[in-house]
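Note that this is a predicted model, so its numbers are computed, not measured. Here is how names work: the chains are called A, B, and so on, in the same order as the sequence lines, proteins then strands, and each is numbered from 1.
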2 protein chains.
Amino acid sequence: MAVTMHDVAQRAGVSIKTVSNVVNGYPYIRAQTRERVEAAIDDLGYRVNMSARNLRTRRTGLITLAVPELSLPYFAELADAVISAADAAGWTVLIEQTSASRERETEVLSGRRRHLTDGLIFSPLALGPDDLGLFTVDFPLVLLGERVFGAPADHVTMNNVEAAKAVTLHLASLGRRRIAVIGAHEGEQVGSAALRTAGYREGLAEAGLPYDPELVGEAGLWHRSTGAEAMSRMLDDGVEIDAVFALNDALALGALHALHAHRMDVPGDVALIGFDDVDDAKYSVPALSSVDPGRDQIAHTAVELLLERIGATDDPAPFRKVVPDSRIVGRESTGDVGTGEPCRVVGTQAGGTEVVPVRTAV
Amino acid sequence: MAVTMHDVAQRAGVSIKTVSNVVNGYPYIRAQTRERVEAAIDDLGYRVNMSARNLRTRRTGLITLAVPELSLPYFAELADAVISAADAAGWTVLIEQTSASRERETEVLSGRRRHLTDGLIFSPLALGPDDLGLFTVDFPLVLLGERVFGAPADHVTMNNVEAAKAVTLHLASLGRRRIAVIGAHEGEQVGSAALRTAGYREGLAEAGLPYDPELVGEAGLWHRSTGAEAMSRMLDDGVEIDAVFALNDALALGALHALHAHRMDVPGDVALIGFDDVDDAKYSVPALSSVDPGRDQIAHTAVELLLERIGATDDPAPFRKVVPDSRIVGRESTGDVGTGEPCRVVGTQAGGTEVVPVRTAV
DNA sequence: TTGTAAGCGTTATCAG
DNA sequence: CTGATAACGCTTACAA
C-alpha cells in the first residue's frame, strides 16, 4: 500500500540502506547518489514509517504530560510552555487529563495510559505522600507540584511557603491588618494549599499579626466559582477584612466577583492578591496582583530534565529537585506595584538545583 | 532488555500466539491456559510494546489536534473537550501548537509534524482559501473553524453569521442604538471576524440601525490586550456608544477593562457581550454575556467524524459539514438573561449534518 | 561510499 | 483452542 524505503531504493537504483542514510542525514554520501534518492522520494511521495523506526530504535520522540485538566488556565499555560519547550528540542507532547482522579492518576503511573511515550511529566493532584510507592516506575519521570516529595524521580516545584510568606508580609507592609486567605484545605498536611497557608501563617507571625481562624476561607477545588463562594461566605458572616490572599488566581478572580457583589472596593476597602500569575490576572478589573511562580522556567526545566533522563545511557544520575524563583507581581488590586523582587528561599540560595541523594529505581 | 511476548510464552509454556491472544482478549482460550499466561505476565511484569503493535497493525491509536495555542482559553477548552471525547473512545491526543504561523500550519498539513498519528483535527488560523490546495491530504482530516471552506475534508464549524446577527438584534431589542463591534478585520473576506462582522451588519439592517464605520473597532489578534486597546481607542476618540459586541470573549474582557478605566458603567452606560462563552465569562465583574457556539458538541463531533474516517475501510464517504446550534447566554453585562434560544441558521434547519458532494481525495 | 542480512516485538495466516 | 511461521518497515553491524 504505502510506499516504503524499498520502493524508493528500487526506483533510485540503490540499496535500502542508502535510502535510510539519506533520510537520516548521514553525511558520507555522494552528492549524485543523494540527489537520485531524493528525487525518488519526491516522485513516490515517500514518508518514513514512524512505527517501524520506533520499533527499531526503541524510542518514539513522544513524551506524556499528565495534568488535571486543560480548562484550568494554569494548566493550559503550563501545557503551552511544556509543548513549546519540547517542540524546540524536537519532541512531541501527548496530553493526559486526569481530572484529579486517583484512579486516572494511578493509571498514568502504571503506564497503562502511557501509550508508547518515552517519558512522563506528571502533575499529580489526587495522589499524595501515602502513594509514594506508586511513583517507583521504570520509565523516565519528572514530577511537578507540591503533592509528593521524596519520590524517586526528578522534581520541579515552586517555593510556595516563601512566596506565600512574602505575599503576607507585603500586604502587611501596605498597612493591612485583617488579611484573609481563600482556598485553604483544613487539616491537609500536603499540597499547595497546606504550603501556602503555612507561608501565610509565617508571614502573619513575622508581621506581628494574630492568626484568626475566621479569616481562613476553605475551598476544596480551586475554581473561580469556589473562590466566589468562599469569599461570599466570609462576607455574609460579617467577618471584617481589609485584604485577601487567594491561594491561586482562579480563586482570586472568583473572590473579586464576590467582593464587587458585596459592594466592596478593591483595593480601597480590600486589597486582593492571587497566585500563579495566569494571563487573566492582567485583564481583570482591577488588574489582579499575583505571584509569578516561574511557570516558563518550570516547564522548560521539566522538559530538560526529562530529556536528559531519556537520553541517559549509563550512569543513573541522582534525582534532582529544582525550585525556580517566584516573584510578586503588583497590580491594581493591591494598589501598588509590588516589589518585583524574587521571593527567595530563606536561608538558602533559591532558583537552584538541589541534588537529592541517589535512590535506586527498580 | 524488556520482557517480550516470547519470554511470557516460554514462562507459561505456550506459544507466542497464545500470549497474543490472551493480551488481546481473544475469547476462545481455555480458562486454564489464560490463567497460566496471565500469571506469567504478572510475574515478568510484561507490557506490550506499542511500537511493534503499531507497526504490525498500521494504526497507533493517536490523533493530532493542531491549534494556535493553548494559552488562549477558547483553545484550551476546546482541547479539553477533544481530549475527553477521544479518551472516551479509547484514543489519545497529541497536541501541536501552530502559533497561527503559516509555516507551522503548512507543516502540520504536510505531515512532517504529524509523527505517526492516525488522523488530524485542525483549526487553522493563518491559512485561508488561497491555500485550499494544501488541504488535499492522504490522511483522515477534520477541519475546525471558519478559515477554509470547501476543502476535501470533513468540517465542523459554527453558525457565525446567524449568531452575530442574533446578538445584534438582541442588543437592539434592549433599546441600544449605538452598537459598537470590537475585533473587526478590515478588508478580510474570510474567517470568524468577517463572518461575525457580516452578521452584525445584517442585524443592524434588520433592526433599522445605520451602519457607522466609527463603531467598528479593529483588533488583529483576539487577545484581551488588543480588545482593551481597541476599546480605549474608540472611547478616546469620543465615539458615542451604548453597546459593544466583542467578537470573542477575550476581546470582551479586555474591552470591559477599558470601559471601566474610562468610568463607563456596564451595563448601565454600555451593554457588553462577547462570543465563545469561555469559562471566564461567568466570573468577570459584571459577568459577561456571550454566545455559546456549542464547543462541546463541536469537539465531540470532530472526534466522531475523524474516528469514522479512520475506521472506514471501503467506501470513501462524502465529506460532511456539521454546524452545531449556538445560543446567546445572557448575563449581567447586558443586564438581561438573554433569550436562551438557539441562534438557528435562518432558512435551513440548523444543528444538522450537511453532506457535501463527494470529492475524490488523492 | 554503499550493500547484505539480521533483527526490533507484534499480529495474521493457516494448519492442526 | 493452539502453534509455526511469515510479514510489518526500518536501523545497524559488518562487509565489500
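Side-chain atoms of T60(B) and N54(B) form no donor-acceptor pair, as typed in the model, at a separation below 3.5 Å. Using modelled atom types and a 3.5 Å distance limit, the side chains of E146(A) and T157(A) yield a donor-acceptor pair. The closest side-chain donor-acceptor pair between Q97(B) and D80(A) falls under 3.5 angstrom.
Aromatic ring centres of F149(A) and H155(A): separated by under 6.0 Å.
One interatomic measurement links the two molecules: CD1 of I41(A) to P of dG9(D), which rounds to 16 Å at whole-angstrom precision. Between N24(A) atom CG and dT11(D) atom P there is a gap of 5 Å when expressed in whole angstrom units. dC8(C) atom P lies 20 Å from atom CE of M50(B), rounded to whole Å. Protein atom NZ of K17(B) is 15 Å distant from nucleotide atom P of dT5(D), rounded to whole Å. Computed from coordinates, the N54(B) CG to dA12(C) P distance equals 12 Å when rounded to whole Å. In this structure, M5(A) atom CE and dC8(D) atom P are separated by 16 Å, rounded to whole Å. Atom pair I16(A):CD1 and dT1(C):P shows a separation of 21 Å (rounding to whole Å applied). The interatomic distance linking N49(A) (CG) with dA7(D) (P) rounds to 17 Å, in whole Å.
Using a 4.0 Å heavy-atom distance criterion, L55(A) is classed as a base contact. Using a 4.0 Å heavy-atom distance criterion, S51(A) is classed as making no nucleic acid contact. Residue-level contact check: V14(B) touches the backbone only, with heavy atoms under 4.0 Å from sugar-phosphate atoms and none from bases. Using a 4.0 Å heavy-atom distance criterion, Y46(B) is classed as a sugar-phosphate-only contact.
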Subject >> Intermediate values then yes/no, salt bridge (charged side-chain N to carboxylate O under 4.0 Å, His left out), R320(A) and E304(A) >> reply: CA-CA 12 Å; R320(A) 288 152 298 179; E304(A) 193 172 62; over 6 Å; no

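Regarding contacts with the backbone of dT2(D), a side-chain N or O of R30(B) is found under 4.0 angstrom from either OP1 or OP2. Neither OP1 nor OP2 of dT2(D) sits under 4.0 Å from any side-chain N or O of S15(B). The side chain of R53(B) places no N or O atom within less than 4.0 Å of a non-bridging phosphate oxygen (OP1 or OP2) of dG9(C). Distances shown here put a side-chain N or O of R58(A) below 4.0 Å from the OP1 or OP2 atom of dG9(C).
Mapping R56(A) and T33(B) onto DNA chain D by nearest heavy atom places T33(B) closer to the 5' end of the strand. In this structure, Y28(B) and V23(A) both approach DNA chain D, and ranking their closest nucleotides by distance from the 5' end singles out Y28(B).
Of the candidate nucleotides dA4(D), dG9(C), dC10(D), dG9(C) has the atom nearest to the side chain of T4(B). The S20(A) side chain lies nearest to dT12(D) when the options are dT10(C), dT12(D), dG3(C).
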